[in-house]
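Just below is one structure, and these are the notes that go with it.
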Amino acid sequence: MDYRRKRKSTFFTIGLIFLLSGIEYAVILPTIWMYLQTLGAAPYFLGLGLSAFSLSGLLCGPLFGLWSDHTRTTKGVILFSNVFEIIGNFMYFLGYSKWLLLGSRFVAGIGTGAGSSIFGFLTRNTASEDRATVFAVVMACRQVGLLIGPAFNIFLRLCDFQLGPFVVNKYTAPGLFMCALWLLMQLVVLFLYWDLPPQGPGPRWARREGEGETEGETEGETEGGEDEEKPLMSPKETGGSYGSIRSSQSESSLVSNGNLPYLSPPASPPPQPTNSNPFRNFSSSREYLREEVVVLLAAQFITLFNQTALETMVTPLTQKFFNFGELENSVMYCLCGVEVIAGFFFVRWLSRRAKERLLLAVGLLICNIACVWCLVFLARPQGGFAWLLTEFIIGVFLQVLGLPFVAVAQVSLFSKVTAEKTQGFSQGVRRSVGGWPPSWGPCGPED
């Protein structure tokens, strides 16, 4: 299989991974509050359950990123992390107690840690000018999962039967369903995912495997963090090796004519060995305490902090004021998924015409407007049913609208202001900052 086909199948697999994470969100979150109520859990257990999922992901993200940076592979990381998704969702299906349910979310969250390795892989295998577009498409795959997830939930809520000693109902069925999907995902990763080497300069998608590069050149480019310049004269033009004079006769004739021979620049140093440590000269303070990095991390933290607050209170709020059940909540999340998908593709279109800094500023402005609206109208709801519903819809709409702008812009900018050779670890740090306080939203642990 040539490089182009390997690249397409690998990116397709990455899209499926993010699709499943969106489906898991849309299938489990609408029913987890009522599931906890059947187990006699207090209301604060909803926040604990959502936080446990992200807490384990933010702790494991940098570790998985370190793994992928040292080995230059991500396939093993993904296969290993998916095992935790399978185990965690099976624990959710068992659901004997509220503590087991809480533990299931913690275990399943470990599987999201592979996202840092995936974003590091995407950074190393996409051109800088195309990065925002690629990230927008990958994140949109998760939103597609949010969109189609409620459709599965409509059928899962009809489940009511025994599977040996286990009860399958509308609360336990989502765990069994997601366990089966992640098992299938293991097979897809095993056969369709390839650890592609970073490509040389130029459009990376247009180069086939092994064209115009050697293993040493590829690794040297990766380790050095920047491309080596091509020689000014090719061997054919010089008639000998690069940096040498063709013959003594030519040299004497040049000197006799009053011209000095051309002195080529010194040869480039040999490439780094393939097993060199990408963290050899790494300094976390020098890498992450720069102004531009701090701004991007702060933008992600604040945006997802607001998103966490919204998602923690949205299902109890709809139950209290609108008497929403699992069906109504599923429809609500479906509509939010449509909005976010449209937002990601709109940002993808804008990223070709506007600077990413402008996209980030627009997203943060929308999020600020959403916060003001929620403070004014949702902190102390007043009025009749129609007025309350209108206030709620506008608040959620504005909150979700700003997420695609902030998410795509800050991920793309972050990948450009941090070293490419340690992108796995850096993306893990970024996701950890965005997940503390832990969040699990439409652009949460992803993102």
Side-chain angles (χ1 to χ4, degrees), residues 16-36 38-39 41 44-68 74 76-118 142 145 149 156 163 165-168 171-190 308 311-312 428 431-432 434-441 444-447:
L16 283 182
I17 293 173
F18 280 85
L19 178 73
L20 283 194
S21 67
I23 292 176
E24 183 174 0
Y25 167 84
V27 165
I28 288 182
L29 196 62
T31 59
I32 188 174
W33 169 234
M34 285 154 281
Y35 193 3
L36 286 168
T38 63
L39 299 174
Y44 65 84
F45 256 81
L46 175 61
L48 290 178
L50 300 181
S51 299
F53 185 89
S54 291
L55 177 63
S56 57
L58 71 87
L59 293 177
C60 295
L63 298 179
F64 286 153
L66 280 172
W67 181 1
S68 62
T74 53
V77 178
I78 296 173
L79 290 172
F80 180 73
S81 65
N82 285 351
V83 172
F84 291 95
E85 287 279 8
I86 295 169
I87 297 174
N89 281 285
F90 186 75
M91 292 169 60
Y92 187 90
F93 162 66
L94 298 179
Y96 288 124
S97 69
K98 59 185 179 182
W99 295 106
L100 181 62
L101 197 66
L102 182 62
S104 71
R105 291 289 82 204
F106 184 86
V107 173
I110 297 176
T112 65
S116 59
S117 300
I118 293 176
R142 187 170 188 270
L156 293 174
L163 188 63
F166 307 113
V167 177
V168 182
Y171 302 128
T172 61
L176 182 62
F177 177 71
M178 291 310 306
C179 180
L181 288 185
W182 284 112
L183 277 170
L184 293 175
M185 192 69 241
Q186 287 288 74
L187 298 177
V188 174
V189 174
L190 191 62
T308 304
E311 290 167 359
T312 302
R431 287 161 58 90
S432 296
W436 186 265
S439 62
W440 188 30
E446 90 325 306
D447 244 70

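Treat the numbers as computed from the prediction; the structure is a model and nothing was measured.
Between Ile86 and the choices Met91, Met185, Met178, Gln186, the side chain to side chain contact (heavy atoms under 4.5 Å, CB included) rule is met once, by Gln186.
Nearest heavy atom pair, residue Ser117 against residue Thr74, reads O-CG2, 3.6 Å. Heavy atoms only, all atoms of each residue included: Arg105 and Ile28 are closest at NH2-CD1, 3.5 Å. When all heavy atoms are compared, the tightest approach of Gly65 to Ser68 is O-OG, 2.9 Å. For the pair Ser104 and Gly88, the tightest heavy-atom approach, listed with the atom from each and the gap, is CB-O, 3.2 Å. The two atoms that bring Thr112 and Gly109 nearest to each other are OG1-O, 2.6 Å, heavy atoms only.
With rounding to the nearest 0.5 angstrom, the CG atom of Leu94 is 9.5 Å from the SG atom of Cys179. Going from atom CG of Leu181 over to atom CD1 of Ile23 covers 6.0 Å, rounded to the nearest 0.5 Å. The structure places CG of Leu58 at 11.5 Å from CD1 of Ile110, a figure rounded to the nearest 0.5 Å. Atoms CH2 and CD1, on Trp182 and Ile87 in that order, are 13.5 Å from each other to the nearest 0.5 Å. Atom CZ of residue Phe53 and atom CG of residue Leu102 lie 13.0 Å apart, to the nearest 0.5 angstrom. Here CG of Asn82 is found 11.5 Å from CG of Leu184. Values are rounded to the nearest 0.5 Å.
Taking the six-membered ring where tryptophan is involved, the planes of Phe80 and Phe84 are perpendicular, since the angle between them exceeds 60° and thus also 30°. Taking the six-membered ring where the residue is Trp, Tyr96 and Phe166 present tilted rings, their angle falling between 30° and 60°.
By the 4.5 Å heavy-atom criterion applied to side chains, Leu63 and Trp67 are not counted as neighbours. Two residues are said to be in side-chain contact when any heavy atoms from C-beta on lie closer than 4.5 Å; Leu39 and Leu100 fail this criterion. Residues Leu156 and Thr31 are not in side-chain contact: their nearest non-hydrogen atoms beyond the backbone lie 4.5 Å or more apart. Counting only heavy atoms from C-beta outward, the side chains of Glu85 and Leu20 never approach each other to under 4.5 Å. Side-chain contact check for Val77 versus Ile118: every heavy-atom pair is 4.5 Å or farther apart.
No donor-acceptor distance shorter than 3.5 angstrom exists from the side chain of Ser116 to the backbone of Phe64, with no hydrogens or angles considered. Between the side chain of Tyr35 and the main chain of Tyr92, a donor-acceptor pair closer than 3.5 Å is present.
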Point to revise | Candidate pair Leu48 and Phe106, rule side-chain contact (heavy atoms from CB on, under 4.5 Å), full reasoning | key: CA-CA 10 Å; Leu48 290 178; Phe106 184 86; over 6 Å; no

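Residues Phe45 and Trp99 bring their aromatic ring centres within 6.0 Å.
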